[in-house]
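In what follows, chains are A, B, ... by sequence order, proteins preceding strands, each numbered from 1. The figures here come from the full heavy-atom set of this structure, side chains too, leaving out hydrogens, waters and symmetry mates. Computed from a predicted model, the values in this text were never measured in an experiment.
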Amino acid sequence: MAEKVKTVRGFRDLIGEEARKYRYVVDTARGILERNNFEEIILPTVEYTKLFARSIGEATDIVEKEMFTFQDKGGRDIALRPEGTAGVVRAYIENKLYADGTYKKLYYEGSMFRHERPQKGRYREFHQIGAEVLGTSNPLADAEIIKIADDILKALKVDATIEINSLGCKKCRPKYREALLQYLKEHREELCEDCQRRLERNPLRILDCKVEGCKLIAKNAPKITDYLCEECKTHHQKVKEYLKALGVEFVENPYLVRGLDYYSKTVFECVSEELGKTVIAGGRYDYLVEELGGPPTPALGFAAGVERLMLLVKELPKRPPLVLVIPFGGDREREEALKLAHRLREEGIRTELSYREGKIRKQFEFANKIGADYTIVVGENELKEELFPLKNLHTREEIRLPLEEIVKILKTQSG
RNA sequence: GCGGUGGUAGCUCAGCUGGUAGAGCAGGGGACUGUGGAUCCCCGGGUCGCGGGUUCGAGUCCCGUCCACCGCCCCA
């Protein structure tokens with residue numbers, strides 16, 4: 001045998017049940033977004049590297065070491081997208097979607113790529129379904145975005161805690177940052193190695209550190225919520241008020257920061273205790289559109305991790321019953337069975353035509369193996385009488401009926 | 001990128017201090033020639049992840065490498 005080619009590390013196939021689970025998660029989320037009147041945007045998988053450098057942040061791990069980057073034949077620096085927001089914003093600006101003066105609600109779905117060490121629920125090609133609202137600073141939008149995330153979790157029966165926080169704006173964040181930095185510098189010696197590095201690069205993340213010593217320091221650190229300006233405070237207050245009005249449960253986490261540089265004001269994460277990981281996360285990014293060359297445009301959104309949600313989905317919707325049509329006899333019977341199977345399929349009935357030859361006993365073993373719920377044998381007698389035996393494999397009951405009667409029965413069960 | 005565990009049949013795994021690879025399940029056939037999941041009998045299956053080394057001899061020991069999984073970093 002020739003050498004076998006395998007999947008690339010961190011990449012994988014989704015087959016059968018796994019593929020159906022993938023579709024179930026994505027379709028469920030799409031349905032909720034569609035009924036909220038979000039419009040789908042289908043984006044390219046690659047963008048110029050600088051788009052991500054400028055949006056996600058030059059100093060983030062994603063940009064520094066996790067992107068799949070390459071030069072195309074024209075020498076352009078290109079990256080496989082590590083997330084979706086940057087592309088949406090680029091498209092929003094490039095297509096001047098702001099031109100009609102309204103806000104825009106967009107959603108996307110697809111592969112993202114990060115060159116990380118693979119683990120369960122974390123692959124180098126993974127999938128996100130995300131939503132973005134561009135062109136409004138109304139806290140109603142913040143509340144609705146979080147409500148949608150909550151609806152998706154509920155629809156999938158996934159348990160997760162919604163944590164929210166506000167990161168403030170251009171006016172108040174610098175003051176907070178200053179106070180935090182000062183406090184942290186006083187405790188520099190007690191911080192873990194990683195956090196000492198973060199002190200220079202991204203001090204906010206220290207609040208999020210899992211090392212016990214750092215947690216203690218974080219606990220007594222100044223809280224962003226105490227530093228919010230009037231506008232941010234009111235905004236945050238409104239968001240929480242609306243969420244309560246909607247009955248969305250959440251907890252406030254003053255230590256919640258996000259890893260991407262572009263966030264401002266509202267941030268939130270839906271954390272699964274079972275996984276110990278975040279499954280949906282998002283927030284506001286009021287400056288990003290402008291930073292990427294568009295007009296000043298407040299915006300916000302979230303991204304849901306499809307693989308992580310898949311790990312938490314326990315039950316898939318049932319497929320409609322499967323009918324196996326079994327030809328029995330010779331050429332004439334095979335041909336009639338072929339036609340009969342397609343008659344059932346015309347009616348939307350999930351039907352398999354047996355390609356197996358041989359003993360009838362083997363045909364029934366085959367029916368079990370493929371998980372059929374019903375069989376219909378098409379043989380000489382059946383064709384003569386124009387009556388076909390519809391057998392329920394679970395109850396083992398068999399009734400002989402004209403084809404159109406069988407169609408009626410199966411159709412009612414095929415949703 | 002760092003630390004750890006593990007890769008033997010389609011699947012789950014056994015294989016002692018190195019001595020020529022096994023079980024259960026699954027699969028194929030038959031007992032049972034127009035009605036299945038049971039039982040019994042028979043059968044096929046493996047470059048022991050890959051490459052190198054030590055050795056008369058390596059699934060077993062050593063080195064390297066790839067992959068999966070766990071933790072960290074990071075993140076959805």
Side-chain angles (χ1 to χ4, degrees), chain A residues 1-4 6-12 25 29 56-57 59-67 82-85 109-130 149 152 158 160 192-195 197-198 201-202 205 208-211 257-260 268-272 275-283 301-312 324 326-329 333 354 356 358-382 389-398:
Chain A
M1 257 208 274
E3 184 206 350
K4 281 178 200 151
K6 298 190 292 185
T7 53
V8 175
R9 179 160 153 94
F11 290 70
R12 60 178 194 153
V25 168
I56 298 167
T60 58
D61 278 28
I62 295 179
V63 169
E64 273 190 350
K65 40 191 199 198
E66 290 174 3
M67 274 204 290
E83 57 109 42
T85 301
E109 174 268 315
S111 296
M112 307 295 161
F113 304 84
R114 289 182 201 173
H115 198 277
E116 298 177 286
R117 186 104 175 214
Q119 263 171 52
K120 191 185 286 182
R122 181 220 242 159
Y123 305 96
R124 289 185 175 176
E125 177 181 22
F126 62 104
H127 299 80
Q128 289 186 334
I129 179 156
I152 291 171
V158 166
C192 72
E193 222 175 284
D194 287 321
C195 282
R197 251 189 311 116
R198 288 178 180 130
R201 290 180 30 165
N202 196 352
R205 284 215 68 85
D208 218 29
C209 186
K210 283 161 204 124
V211 176
V257 299
R258 309 282 350 277
L260 286 54
F268 74 98
E269 287 191 8
C270 308
V271 183
S272 155
L275 266 192
K277 280 176 180 153
T278 300
V279 292
I280 303 180
F302 70 74
V306 176
E307 279 77 3
R308 289 183 181 184
L309 289 170
M310 283 168 68
L311 287 173
L312 296 167
L324 179 68
I326 300 171
F328 188 74
E333 286 77 17
S354 176
R356 286 236 165 160
K359 295 178 179 144
I360 198 89
R361 179 188 185 84
K362 292 290 166 196
Q363 297 282 16
F364 279 88
E365 282 174 8
F366 179 61
N368 284 325
K369 209 166 285 178
I370 65 170
D373 300 287
Y374 294 96
T375 54
I376 300 173
V377 173
V378 180
E380 195 185 345
N381 299 340
E382 286 77 6
L390 176 68
K391 179 165 183 174
N392 181 323
L393 292 179
H394 305 291
T395 64
R396 295 180 174 233
E397 280 168 37
E398 187 175 292

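- rC25(B) and rA38(B) have their C1' atoms separated by 16 Å, with the value rounded to a whole Å.
- Here the shortest heavy-atom pairing between E269(A) and V257(A) reads OE2-O, 4.0 Å.
- Side-chain atoms of P118(A) lie closest to rA68(B) of the nucleotides rA68(B), rC72(B), rU35(B).
- rC75(B) atom C1' lies 6 Å from atom CD of E116(A), rounded to whole Å.
- Nucleotide rG1(B) has rC72(B) as its partner under the Watson-Crick or G-U criteria, with both atom distances under 3.5 Å.
- When rounded to the nearest whole Å, the span between NE2 of H394(A) and P of rG36(B) equals 16 Å.
- Nucleotide rC40(B): paired with rG30(B) (Watson-Crick or G-U wobble, both distances less than 3.5 Å).
- For the P atoms, the distance linking rU55(B) with rC62(B) amounts to 16 Å, nearest Å.
- Shown here for L275(A) and V279(A), the closest heavy-atom pair between the two residues is CD1-CG1, 4.1 Å.
- Between the CG atom of N368(A) and the C1' atom of rA26(B) there is a distance of 15 Å, given to the nearest Å.
- Remark: the separation of the C1' atoms in rA9(B) and rC43(B) is 15 Å, to the nearest Å.
- For K359(A), the side-chain atoms get nearest to rA31(B) when compared with the rest of rA31(B), rA68(B), rC69(B).
- In this structure, rG24(B) forms a base pair with rC11(B), meeting either the Watson-Crick or the G-U wobble geometry with both donor-acceptor distances under 3.5 Å.
- Remark: the separation of the C1' atoms in rC75(B) and rG7(B) is 28 Å, to the nearest Å.
- Between R361(A) and E365(A) there is a salt bridge, since a side-chain N of the basic residue sits under 4.0 Å from a carboxylate O of the acidic one.
- Judged by distance alone, with hydrogens and angles left aside, E333(A) brings no side-chain donor or acceptor close enough to the base of rG34(B) to form a pair under 3.5 Å.
- Residue contacts for R308(A): at a heavy-atom cut-off of 4.0 Å it reaches a base atom on one of the strands shown.
- Note on E398(A): a base of the nucleic acid sits closer than 4.0 angstrom, heavy atoms only.
- Looking at F364(A) and V377(A), their side chains come closer than 4.5 Å, going by heavy atoms from C-beta outward.
- When the side-chain nitrogen and oxygen atoms of R361(A) are compared with OP1 and OP2 of rC32(B), none of them lie within a distance under 4.0 Å.
- As rounded to the nearest Å, rG27(B) and rU20(B) have C1' atoms that lie 28 Å from one another.
- If you measure from atom CD of Q119(A) to atom P of rG1(B), you get 14 Å, rounded to the nearest angstrom.
- Rounded to whole Å, atom P of rG36(B) lies 15 Å from atom CG of N392(A).
- When the side-chain nitrogen and oxygen atoms of R356(A) are compared with OP1 and OP2 of rG28(B), one or more of them lie within a distance under 4.0 Å.
- Atom NZ in K369(A) sits about 11 Å away from atom C1' in rG36(B), given to the nearest Å.
- Of the candidate nucleotides rC66(B), rA68(B), rG30(B), rC66(B) has the atom nearest to the side chain of K6(A).
- If you check every strand for non-hydrogen atoms under 4.0 Å, E307(A) touches nothing.
- Among the heavy atoms of the strands lying under 4.0 Å from V377(A) is at least one base atom, whether or not backbone atoms are also near.
- Residue G10(A) is classed as a sugar-phosphate contact, given heavy-atom separations below 4.0 Å to backbone atoms only.
- Computed from coordinates, the L390(A) CG to rG36(B) P distance equals 17 Å when rounded to whole Å.
- E83(A) is not listed as a side-chain neighbour of I62(A), based on a closest heavy-atom distance of 4.5 Å or more.
- Side chain of E125(A) to backbone of R12(A): no donor-acceptor contact under 3.5 angstrom is found.
- The side chain of L393(A) has rG36(B) as its nearest neighbour among rC69(B), rC75(B), rG36(B).
- Residues G276(A) and E382(A) each lie close to RNA chain B; by heavy-atom proximity, the contact nearer the 5' end of the strand is made by E382(A).
- Among the atoms of the strands shown, none is found under 4.0 Å from any heavy atom of K65(A).
- Nearest nucleotide to the R117(A) side chain, out of rG36(B), rC2(B), rC70(B): rC2(B).
- Looking at heavy-atom distances under 4.0 Å, K391(A) makes contact with a base.
- Comparing the same atom, C1', in rG57(B) and in rG1(B) gives a spacing of 41 Å after rounding to whole Å.
- Listed nucleotides rA68(B), rC75(B), rC73(B) differ in distance to D61(A); the shortest reach to its side chain belongs to rC73(B).
- Side-chain nitrogen and oxygen atoms of K362(A) include none within less than 4.0 Å of the OP1 or OP2 phosphate oxygen of rU33(B).
- Side-chain atoms of R356(A) never come within 3.5 Å of backbone atoms of Q363(A) as a donor-acceptor pair (strictly under, hydrogens ignored).
- The CG-P distance, from L275(A) to rC69(B), rounds to 14 Å in whole Å.
- With P as the reference atom, rG45(B) and rG10(B) are 12 Å apart, rounded to whole Å.
- Interface remark: the Q363(A) side chain does not form any donor-acceptor pair with the rU35(B) base, using a distance-only criterion of under 3.5 Å.
- No hydrogens or angles were tested; on distance alone, a donor-acceptor pair under 3.5 Å links the side chain of N381(A) to the base of rG34(B).
- The nearest pair of heavy atoms linking C270(A) to A149(A) is SG-CB, 4.2 Å.
- When both pairing distances are held under 3.5 Å, rC67(B) makes a Watson-Crick or G-U pair with rG6(B).
- One P atom belongs to rG22(B), the other to rC63(B), and the distance between them is 30 Å to the nearest Å.
- The residue A367(A) sits apart from the nucleic acid: no heavy atom pair falls under 4.0 Å.
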